[in-house]
**Q** 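Here's a structure for you.
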Amino acid sequence: MSNVATDHDGRPPLSSEQRVYNVILKQAALVDKPPKSRSLPSDLALDSIPVTTKNLLNEAYDRCGEVCAEYAKTFYLGTLLMTPERRKAIWAIYVWCRRTDELVDGPNASQITPTALNRWEQRLERAFEGQPYDMLDAALAETVLKFPVDIQPFRDMINGMRMDLFKSRYFNFDELYLYCYYVAGTVGLMSVPIMGIDPGSKASTESVYNAALALGIANQLTNILRDVGEDASRGRIYLPQDELEQFGLSDDDIFAGVVTDKWRAFMKDQIKRARIFFKQAEMGVLELDKDSRWPVWASLLLYEQILDSIEANDYDNFTKRAYVGKWKKLITVPVAYVRAVVPPSVTRLAATG
Ligand SMILES: CC(C)=CCC/C(C)=C/CC/C(C)=C/CC/C(C)=C/[C@@H]1[C@@H](COP(=O)(O)OP(=O)(O)O)[C@]1(C)CC/C=C(\C)CC/C=C(\C)CCC=C(C)C
Ligand SMILES: Nc1ncnc2c1ncn2[C@@H]1O[C@H](COP(=O)(O)OP(=O)(O)OP(=O)(O)O)[C@@H](O)[C@H]1O
Ligand SMILES: [Mn+2]
């Protein structure tokens, strides 16, 4: 199994960041290549799909859109601005990610075993080979046929779910970084080939992939900070153990769930780090194809505001769930639009007067 965590014989172990960067280089090289020629059965060529299958596929894409609208309304609205082909592809990937997450986080999570995840991975492979198991997989299968999406980030997301099955503590940020790549950085890598890089962009492909990875990491770190109380109630602590210790905190403090000055100081530090990842991601949004920028900006700005909300709750993420209110969301959407359509030099000039 190809896994970013594979050890290199005899050489000093690479950090998670270095391992993940190697994946970025590989993904960037793949998307730079001309369209891949997958060895698919000849009846699977896109132009030979019969009309009835096409109708079923369209129904499957519509269903993917509905799921996306149900789980992330604002983001769904943003996808409506993308070209129909891209929008459908993002929905299909969204649904695969949501279904993968539900395996370990959903109502049947207690029944999920490593074998079940292996079966899910086999299903994924079949979809990439053009042999989908159900209609939602068929939408994914068509998507990966149309766009230069590689299987590795998908496999890696399943690896993240495997990690969730046996691991409930993270010794340091290096371990947490790898987990964040698996469950969220991968989403960035899956999305870039769909959203496309602006033909006028001067940025290197790997720098855009790196920004996409950073957005995934930033989102996941934010998600972890928002859900500290909820995760602790399930016996899970994603926060790096060594950093907790540096602030004089232990697992017991988290289970006790009392906001102290030590906790506030610790949280400030964690929020600062998440914001650094959001900043890294921002540079990449400008390089995306024009009509893909708005949904990404909206998603970035909305998720980042969860950090503001944790601050506004005076760092009580034990008993309060940080969220972005309706009005803030409403304001964010046009702000994201302006950022997406106005070149950064103009907004910078406007900001400096
Ligand atoms: C435009 C855009 C945001 C596209 C991404 C669409 C997509 C395929 C999303 C899939 C998300 C998903 C269901 C992932 C499964 C694992 C998971 C749940 C991760 C957490 C998401 C937050 O979900 P939620 O708040 O609903 O959490 P709960 O389940 O309720 O706890 C994550 C925190 C991470 C999701 C990661 C991203 C959205 C990364 C987005 C990065 C890009 C789209 C790259 C943009 C490109 C550049 C160059 C910046
Ligand atoms: N899984 C996700 N992937 C990408 N972005 C997401 C995801 N979940 C949330 N977001 C971003 O964060 C925003 C807030 O998400 P949240 O799920 O709290 O609310 P919503 O579904 O957008 O709106 P509502 O509260 O009206 O249902 C989303 O609109 C989206 O932009
Ligand atoms: Mn959500």
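In each ligand, atom 1 is the first atom listed, and ligand 1 is the first ligand listed. Just so it is clear, the structure is predicted and the values come from calculations on it, not from any experiment.
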**Q** At a 4.0 Å threshold, what atoms of ligand 1 neighbour a non-hydrogen atom of Ala281?
**A**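 The list of qualifying atoms is 49 (C).
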
**Q** Would you check whether Tyr303 reaches within less than 4.0 Å of ligand 1, judged by its heavy atoms?
**A**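 Distance cut 4.0 Å: Tyr303 passes for ligand 1.
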
**Q** Would you say Met195 contacts ligand 1, with heavy atoms under 4.0 Å as the rule?
**A**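 For ligand 1, residue contact (heavy atoms, under 4.0 Å) with Met195 is present.
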
**Q** Centroid-to-centroid, Phe266 to Trp263, below 6.0 Å?
**A** yes

**Q** Contact between ligand 1 and Arg226 is defined here as a heavy atom of the residue under 4.0 Å from a ligand atom; is it met?
**A** yes

**Q** Answer with side chain, backbone, both or neither: which part of Ser191 has a heavy atom less than 4.0 angstrom from an atom of ligand 1?
**A**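 The side chain, only.
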
**Q** So, taking the atom named CE in Met161 and the one named CG in Asp156, what distance separates them when rounded to the nearest 0.5 Å?
**A**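 If we round to the nearest 0.5 Å, Met161:CE and Asp156:CG are 11.0 Å apart.
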
**Q** Can you list everything that forms a side-chain contact (heavy atoms from CB on, under 4.5 Å) with Asp314? Sequence neighbours excluded, please.
**A** Arg264

**Q** In ligand 1, which numbered atoms sit nearer than 4.0 Å to a non-hydrogen atom of Val296?
**A**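 The atoms of ligand 1 under 4.0 Å from a heavy atom of Val296 are 1 (C), 45 (C).
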
**Q** Parallel, tilted or perpendicular: which fits the ring planes of Trp96 and Trp120, with parallel below 30° and perpendicular above 60°?
**A** parallel

**Q** Can you tell me which portion of Val183 lies within the under-4.0 Å heavy-atom range of ligand 1? Options are side chain, backbone, both, or neither.
**A** backbone

**Q** What about Phe278 and Tyr303, are their ring centers closer than 6.0 Å?
**A** no

**Q** Using heavy atoms and a threshold below 4.0 Å, how should the contact between Tyr71 and ligand 1 be classified: side chain, backbone, both, or neither?
**A** neither

